[in-house]
Amino acid sequence: MYLRIEGHTLPGRNCGPDARFPEVSGIEVAVQRKDRPAELLDPQPGDAPTVAWTLPCAFTDDGAPHGPYVQNRLGGRFVYLSWLGTRPGEEVSRMFRRAKLMLDEIAPRVLAEARLSGVLVARLALTDAQGQPLCGRVPHPAIAWSTGEPSDA
């Protein structure tokens with residue numbers, strides 16, 4: 001089984017500064033491996049028209065998604081999208097925020113269909129209401145969950 005994350009409406013390669021966000025340049029977004037914040041899958045530029053990752057995934061006996069990129073902490077199962085960039089005066093890009101794609105809120109019908117089709121797809125915009133990289137807990141309906149074939153992202 002696979003979990004496909006498809007992002008659109010990215011914030012750009014440079015953001016900030018503003019009252020709640022530092023200036024960051026060279027922005028990229030990637031998927032964080034479970035319990036390994038420094039291990040990021042396929043960083044994509046923050047100004048791409050779309051981004052996509054296909055992750056191996058399976059289900060536990062009780063029907064919950066799990067895999068090498070699925071975090072399992074208090075508060076539920078989720079996938080981290082990590083934002084990387086360089087702040088003024090720094091030479092090395094580093095993580096400056098993360099978004100949690102919440103898996104525990106997927107409708108049971110969608111999970112059941114994903115088990116049959118072999119593909120669970122998450123589609124979402126990656127820019128917040130202030131024009132900055134999306135961060136924090138991202139629940140439904142900000143993520144459109146579906147099954148079947150992923151789009152050509």
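When a residue number appears, it is its place in the shown sequence, counting from 1.
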ask   = If you look only at pairs with a residue in residues 100-133, which of them pass as a ring pair (Phe, Tyr, Trp, His ring centres under 6.0 Å), with sequence neighbours excluded?
value = none
ask   = Is the side chain of Trp145 donor-acceptor paired with the backbone N or O of Val121 at a distance under 3.5 Å, no angle test?
value = no
note = Sequence neighbours excluded, the answer for side-chain contact (heavy atoms from CB on, under 4.5 Å) partners of Ala125 is His8, Thr9
Using residues 83-92 as the side-chain source, report each donor-acceptor pair under 3.5 Å to any protein atom, sequence neighbours left out, with the distance given to one decimal.
unit_1, atom_1, unit_2, atom_2, d
Trp83, NE1, Leu134, O, 2.7
Glu90, OE1, Arg94, NE, 3.2
Glu90, OE2, Arg94, NE, 3.3
Glu90, OE2, Arg94, NH2, 2.9

inquiry  = Please list all pairs meeting ring pair (Phe, Tyr, Trp, His ring centres under 6.0 Å) that have one or both residues in residues 97-131, counting only residues at least two apart or in different chains.
reply    = none
inquiry  = Is there a path of hydrophobic side-chain contacts, each under 4.5 Å between heavy atoms of I/L/V/M/F/W/Y residues, joining Leu55 to Leu40?
reply    = no
ask   = What is the distance from atom OG1 of Thr147 to atom CE of Met1, rounded to the nearest 0.5 Å?
value = 9.0 Å
ask   = Taking only residues at least two apart or on different chains, which pairs with a member in residues 58-72 satisfy salt bridge (Lys or Arg N to Asp or Glu O under 4.0 Å)?
value = none
query = Among pairs that include at least one residue of residues 35-52, which meet salt bridge (Lys or Arg N to Asp or Glu O under 4.0 Å), considering only residues two or more places apart or in two chains?
reply = Arg33-Glu39, Asp35-Arg73, Arg36-Glu39
request  = Identify, with sequence neighbours excluded, every residue that meets salt bridge (charged side-chain N to carboxylate O under 4.0 Å, His left out) alongside Arg97.
outcome  = Asp128
remark   = When rounded to the nearest 0.5 Å, the distance separating OG1 of Thr127 from CD of Gln132 is 9.0 Å
Pairs touching residues 90-112 that satisfy ring pair (Phe, Tyr, Trp, His ring centres under 6.0 Å), sequence neighbours left out = Phe21-Phe96
ask   = When clusters are formed by joining ILVMFWY residues with side-chain heavy atoms under 4.5 Å apart, either directly or through shared neighbours, do Val79 and Met95 land in the same one?
value = no
query = Which pair of non-hydrogen atoms, one from Pro133 and one from Ile27, has the smallest distance, and what is that distance?
reply = CG-CD1, 4.3 Å
ask   = Listed by chain and number, what are the ring-ring contact (aromatic ring centres under 6.0 Å, His included) partners of Tyr2, not counting sequence neighbours?
value = none
task = With sequence neighbours excluded, give me every salt bridge (Lys or Arg N to Asp or Glu O under 4.0 Å) pair touching residues 106-118.
result = Arg109-Glu113
message = Let me confirm one number: the SG-CG distance from Cys135 to Leu81, rounded to the nearest 0.5 Å.
response = 11.5 Å
remark   = Across all chains, not counting sequence neighbours, the salt bridge (charged side-chain N to carboxylate O under 4.0 Å, His left out) partners of Arg137 are Glu105
message = Taking ring-ring contact (aromatic ring centres under 6.0 Å, His included) as the definition, give me every residue that meets it alongside Tyr80, ordered by chain and number, with sequence neighbours left out.
response = Phe78
